[in-house]
Chemist: 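This is the structure I want to talk about, given as structure tokens.
Values reported hereafter were calculated over all heavy atoms of this structure, with side chains retained and with hydrogens, waters and symmetry mates removed.
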Amino acid sequence: MLLLKLTIAPLLLLLINYAQKRLGSFVSGIIPGLPITSGPISYFIALEQGKLFVSNSAVASLYGMSGIGLFCFCYAAMLTKYSVIKALFAALTLWCLFSVFTLVLPINIALACVISLSVLFTLACASSKLQFAPDVKPFTAAWELPVKMLLVTSFIVLVTFISANIGAMWSGLLSTFPVILAVMGCIAHASDKKFSAYKVLNGGIIGSLGGCIFFAVIALALKFNFVIWQVYAAAAVCSTLFTIIMSHYINRKQFAKPVTVLNT
């Protein structure tokens, strides 16, 4: 099991990186809809802790998608006026406060869907109104992929290791901690690539909508006698299709408008 945990994230990231290079911006737009970190964590928890545990954990992750959206929007809104440390601190504080708040909410799939989808749709529309001047040179880094592999793999091993001790709700919430979004957004911001940072964070909001569908399918389907891997495969397909549709709709609205550049 440990070997699978150590290899699944790097393999997924390699496949995604290959698809991005081969198919370009279209695939780049739907990638955030794939829960690269929280998905494998949820799958391993299902294998180790059972269906009931992971079904409750999936509801917590469903709430947690709103936390990701709030983190991304807060950071994006502070890109032009604040330093990396201030923007990151504010965004992480908001994520923590929202996560603690969700602990008092009932484990209810319908309520989690309504809250998360409402919050994320609102944030996606608001984020689409933030406009930045394109970077002179797009942000690229040869070490980006290895860093993502290391972060995601370490996070998967950590959360699945402590899941039995922290319970279903905290396991689900921690699995949605925006580790990659925080690191890549901060690096782009620190490199004065604000538009690149914005694209990362805006993609995180849109991708969280797909994440809602992913965890809603899991939370519902695992209450029935379905094979675990089939449930996760179906959830991944539904999540990806939903994200394709939402990414197309939101991006079309965004780029159809005249660009108003924020003063930097």
Side-chain angles (χ1 to χ4, degrees), residues 1-19 27 30-68 99 102 107 109 112-113 116 145 148-181 204 207-244:
M1 183 68 74
L2 179 60
L3 180 62
L4 185 58
K5 292 179 184 180
L6 293 173
T7 56
I8 189 168
L11 288 175
L12 283 172
L13 288 168
L14 279 173
L15 287 172
I16 289 169
N17 187 63
Y18 174 78
V27 171
I30 70 172
I31 291 305
L34 302 174
I36 310 268
T37 304
S38 55
I41 288 175
S42 180
Y43 179 72
F44 288 123
I45 290 176
L47 296 179
E48 296 174 355
Q49 307 298 334
K51 291 183 177 181
L52 178 60
F53 186 99
V54 82
S55 180
N56 292 336
S57 176
V59 176
S61 296
L62 190 49
Y63 284 126
M65 291 296 108
S66 295
I68 294 177
S99 297
T102 60
I107 302 177
I109 300 172
C113 283
S116 292
L145 183 59
K148 284 182 180 180
M149 288 180 176
L150 178 61
L151 287 172
V152 173
T153 302
S154 301
F155 200 63
I156 288 173
V157 172
L158 174 63
V159 176
T160 54
F161 179 74
I162 65 175
S163 62
N165 297 317
I166 61 177
M169 285 296 289
W170 270 115
S171 296
L173 287 172
L174 285 179
S175 72
T176 63
F177 182 78
V179 56
I180 293 181
L181 290 167
S208 297
L209 286 164
C212 288
I213 303 302
F214 181 86
F215 286 109
V217 171
I218 290 171
L220 283 170
L222 286 180
K223 293 182 179 297
F224 301 95
N225 192 28
F226 293 116
V227 180
I228 291 177
W229 74 264
Q230 293 176 342
V231 171
Y232 280 82
V237 171
C238 293
S239 170
T240 303
L241 291 175
F242 184 79
T243 308
I244 292 173

Chemist: Mind listing the closest non-hydrogen atom pair of G211 and S239 along with its distance?
Modeler: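 So the two residues come closest at N-OG, 4.1 Å.
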Chemist: Shortest non-hydrogen contact from T243 to G207?
Modeler: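 The pair with the smallest heavy-atom distance is CG2-CA, 4.5 Å.
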Chemist: Between CG of L174 and CD1 of I166, what distance do you get to the nearest 0.5 Å?
Modeler: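 Spacing of CG (L174) from CD1 (I166) equals 4.5 Å.
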Chemist: So, using side chain to side chain contact (heavy atoms under 4.5 Å, CB included) as the criterion, who are the partners of L52 when residues are at least two apart?
Modeler: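 Side chain to side chain contact (heavy atoms under 4.5 Å, CB included) list for L52, sorted by chain: N56.
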Chemist: Roughly how far apart are I213 CD1 and T240 OG1, rounded to 0.5 Å?
Modeler: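 If we round to the nearest 0.5 Å, I213:CD1 and T240:OG1 are 11.5 Å apart.
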Chemist: Which value, rounded to the nearest 0.5 Å, describes the distance between I156 atom CD1 and L151 atom CG?
Modeler: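 These two atoms lie 11.0 Å from each other.
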Chemist: Step by step, would you call E48 with V54 a side-chain contact (heavy atoms from CB on, under 4.5 Å)?
Modeler: CA-CA 9 Å; E48 296 174 355; V54 82; over 6 Å; no
Chemist: By ring-ring contact (aromatic ring centres under 6.0 Å, His included), which residues pair with F242, not counting sequence neighbours?
Modeler: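 So F242 forms no ring-ring contact (aromatic ring centres under 6.0 Å, His included) with any residue.
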Chemist: Between T153 and M149 (side chain of the first, backbone of the second, donor and acceptor by atom type, cut-off under 3.5 Å), is there such a pair?
Modeler: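 Yes; at least one donor-acceptor contact below 3.5 Å.
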Chemist: Please identify each residue that fulfils ring-ring contact (aromatic ring centres under 6.0 Å, His included) with F53, with sequence neighbours left out.
Modeler: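 ring-ring contact (aromatic ring centres under 6.0 Å, His included) list for F53, sorted by chain: empty.
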Chemist: Please check if any side-chain donor atom of S61 sits under 3.5 Å from a side-chain acceptor atom of S175, or the reverse.
Modeler: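 The answer is yes; a qualifying pair exists.
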Chemist: Roughly how far, to the nearest 0.5 Å, is the OG atom of S171 from the CG atom of N165?
Modeler: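 That separation rounds to 9.0 Å.
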Chemist: Using every non-hydrogen atom in the two residues, find where A219 and V59 come nearest and quote the distance to one decimal.
Modeler: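 Taking A219 first and V59 second, the nearest heavy atoms are CB-CG2, 4.0 Å.
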Chemist: Are any of the side-chain heavy atoms of S38 and F215 separated by less than 4.5 Å?
Modeler: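 Yes, side chains in contact.
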Chemist: Where does the angle between the aromatic ring planes of Y43 and Y232 fall among parallel (under 30°), tilted (30 to 60°) and perpendicular (over 60°)?
Modeler: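 Rings of Y43 and Y232: perpendicular, as their planes differ by over 60°.
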Chemist: Could you check S99, S208, S116 and say which one makes a side chain to side chain donor-acceptor pair (under 3.5 Å) with S66?
Modeler: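 It is S116; the other options fail the test.
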Chemist: Can you name the closest pair of heavy atoms from F44 and T160 and give their distance?
Modeler: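 Shortest heavy-atom separation between F44 and T160 comes out as CB-CG2, 3.7 Å.
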Chemist: Check G172 against A60 and note the closest heavy-atom contact, atom names and distance.
Modeler: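 Closest approach of G172 to A60: CA-CB, 4.0 Å.
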Chemist: Before you tell me yes or no, could you show the steps for I180 and F155 under side-chain contact (heavy atoms from CB on, under 4.5 Å), namely the whole-Å CA-CA distance, both residues' side-chain angles and the distance that decides it to 0.1 Å?
Modeler: CA-CA 10 Å; I180 293 181; F155 200 63; over 6 Å; no
Chemist: Can you name the closest pair of heavy atoms from G64 and T176 and give their distance?
Modeler: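 Residues G64 and T176, closest heavy atoms: CA-OG1, 3.7 Å.
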Chemist: Look up atom CD in Q49 and atom OG in S57, then write down how far apart they are to the nearest 0.5 Å.
Modeler: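 Q49 atom CD to S57 atom OG measures 9.5 Å (nearest 0.5 Å).
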Chemist: Please round to the nearest 0.5 Å and tell me the distance separating atom CD1 of I107 and atom CG of L62.
Modeler: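 Answer rounded to 0.5 Å: 12.0 Å.
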